[in-house]
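A short worksheet on the structure shown next.
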2 protein chains.
Amino acid sequence: MPAAKTALGRIAPLAEEDTLSLGERAYRRLRECIVQGVLPAGRKVSERSLATQLGISAQPVREALRRLEQDGMVVTLPRRGTVVAEMGPAQLAELGRIRAALEGVAAALAAERMDAAGLSRLAAILARMKSGTEAADHDALDEANEEFHALIHRATGNLFLIRSLGSLRAYDNLGRHRAIGSQPRDLPKALREHRAIVAALRRRDPALAEARMRGHILRSLVTNGVLPPPPRRRPAR
Amino acid sequence: MPAAKTALGRIAPLAEEDTLSLGERAYRRLRECIVQGVLPAGRKVSERSLATQLGISAQPVREALRRLEQDGMVVTLPRRGTVVAEMGPAQLAELGRIRAALEGVAAALAAERMDAAGLSRLAAILARMKSGTEAADHDALDEANEEFHALIHRATGNLFLIRSLGSLRAYDNLGRHRAIGSQPRDLPKALREHRAIVAALRRRDPALAEARMRGHILRSLVTNGVLPPPPRRRPAR
DNA sequence: CATGGACAACTGCCATAGCAGTTGGCAGCG
DNA sequence: CGCTGCCAACTGCTATGGCAGTTGTCCATG
């Protein structure tokens, strides 16, 4: 333990952010820049130029780019350059469907594992969502929504799931930033869906939780305009 | 074009292995070693020692380890060491369920996109599976099975899906190497399922293809012993 | 004017060296 | 004997330098 002891032996909490490696920080920073549109698709991103801009060496940047490549956010042509990956509407739609499926699995796992503390936290988030819905506070709702899903992801305890959904949610933000909000958001409906999901988790019903979560994600993707139609359920029989 | 030209201008097929970067080769090699059991869970893997063993520098090895960490195959404690991730039966089961969901999405996408050439290739693979099943040639069946799923993955054209399923399939191999084959494999049934999947793809029915593929994967995981029960569908009503 | 070739300015890729934090063991003190 | 403190041998992490391949420009040549 290198430092941070106070007089009476209490250990001061360490500032975590400083402990992250430069490679990790570069990875998160660049991913943020991509989904925020700061680095638009097709933009050339070379190790050296990014390194100087970030004030670090080229090595951590290279690592970050390799990881981003594994996420599919950049593509690199050997000895020629690295560019931000093009993300057409079709690609976004595919990733949305993948995310819906994974969120479903996460909900199913969470239904089996989530403890009482987690459920009560979800209840607290639901309360915030209620007030946010009544006030039509989109920022607060987005934040609560973020926590809602992140909590479920963590409840699964599965690192693969957490990482994958992290990348996928980043793409979701990208889609939102393109501002193709074709349909107005139905806030009360989203609240009802969130409540229904929590109810399924409380019942410890994996199949139900999965179905509801998946439906919820798909619907939200439709209202965001990344998923094309509302294909009529069982159009005619 | 740096090399590999013959006299008459014909481009010699590049040996692919030589063109891959050392980091990429190290990544694949290490992943192979992990799923093959050469590097068992809990084994310490330090950049330097691996580098000397592979005859390369520590830098590409480090990149490979970072990517493996993103795959969840190793965990690294900063400044302390990197170890092969522990993969308990529970973890393996979770990853199996995740893989089943993703394979389902892949089948759905393939049902929308796969062209006639791909379908005919699938038919050829089915023929090989038929003869392999009659001869009970497990090696040939495994190979055909690998190609079967890889072909569907590629048909989606989605890099994220392809990469993720690649990692997941690696875990699957790991589970198989643990030789907990609880139940004998039902070869004819697997063949029927594969045929049913292809039929759904031919019909261009995404929902059907997804359901069949997912069920197929889940069942195969059960016979492999990584997924626990055959929970009776609709036990009583 | 058009074309081909060489040079300079990139690019990703890799090896080396060294920093800082962690660990394990061993000596020395109580 | 038991505990403390130091030291050497690790570890992951980062910076630097340089290699090889690619590209674009500019000049010389037909």
Side-chain angles (χ1 to χ4, degrees), chain A residues 1-5 9 11-30 39 42-85, chain B residues 1-5 9 11-12 14-30 39 42-71 73-85:
Chain A
M1 192 96 21
K5 277 188 189 176
I11 311 291
L14 45 79
E16 197 185 31
E17 181 181 329
D18 298 334
T19 68
L20 288 175
S21 69
L22 290 183
E24 182 68 27
R25 278 192 271 178
Y27 170 69
R28 301 189 185 188
R29 183 77 178 282
L30 290 178
L39 293 176
R43 171 71 156 266
K44 290 192 59 171
V45 280
S46 74
E47 306 172 355
R48 285 171 171 79
S49 65
L50 288 180
T52 58
Q53 291 183 30
L54 294 175
I56 60 178
S57 170
Q59 210 60 40
V61 176
R62 176 178 166 76
E63 279 184 24
L65 288 178
R66 289 273 82 81
R67 292 175 61 186
L68 287 173
E69 184 176 26
Q70 200 161 16
D71 288 340
M73 308 197 74
V74 302
V75 296
T76 137
L77 300 81
R79 312 276 179 181
R80 297 188 54 177
T82 305
V83 297
V84 178
Chain B
M1 190 95 21
K5 277 188 191 175
I11 311 292
L14 44 82
E16 191 183 34
E17 181 180 330
D18 298 336
T19 68
L20 288 176
S21 70
L22 290 183
E24 181 68 26
R25 278 191 272 176
Y27 170 69
R28 302 189 183 188
R29 183 78 177 281
L30 290 178
L39 292 176
R43 171 72 155 265
K44 291 191 59 172
V45 281
S46 74
E47 305 172 353
R48 284 171 171 79
S49 65
L50 287 181
T52 58
Q53 291 183 31
L54 294 175
I56 61 178
S57 170
Q59 210 62 37
V61 176
R62 175 178 168 76
E63 278 184 25
L65 289 178
R66 289 274 83 79
R67 292 174 62 186
L68 287 173
E69 184 177 26
Q70 201 161 17
D71 288 341
M73 308 196 74
V74 302
V75 296
T76 138
L77 301 82
R79 312 275 179 182
R80 296 187 55 178
T82 304
V83 297
V84 178

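Below, chain A is the first sequence line, B the second, and so on; all start at residue 1. Keep in mind the model is a prediction, meaning the values are calculated, not measured.
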Pairing residues for A:R28 by the salt bridge (charged side-chain N to carboxylate O under 4.0 Å, His left out) criterion, not counting sequence neighbours: A:E24

Per-nucleotide protein contact string for nucleotides 10-19 of chain C (B base, S sugar-phosphate only, - none; heavy atom under 4.0 Å): -SBBBBB-B-

Value in whole Å for how far the P atom of D:dT14 lies from CG of A:L50: 16 Å

Residue pairs fulfilling salt bridge (charged side-chain N to carboxylate O under 4.0 Å, His left out) with at least one residue in residues 56-66 of chain B, sequence neighbours excluded: A:R62-B:E63, A:E63-B:R62, B:E47-B:R62, B:R66-B:E69

Contacts of type side-chain contact (heavy atoms from CB on, under 4.5 Å), residue A:A51, not counting sequence neighbours: A:A58, A:V61

Contact list for residues 48-59 of chain A, test side chain to side chain donor-acceptor pair (under 3.5 Å), sequence neighbours left out: A:S46-A:S49

Non-neighbouring partners of A:L39 that pass side-chain contact (heavy atoms from CB on, under 4.5 Å), sequence neighbours left out: A:L30, A:C33, A:I34, A:R43, A:V45, A:V84

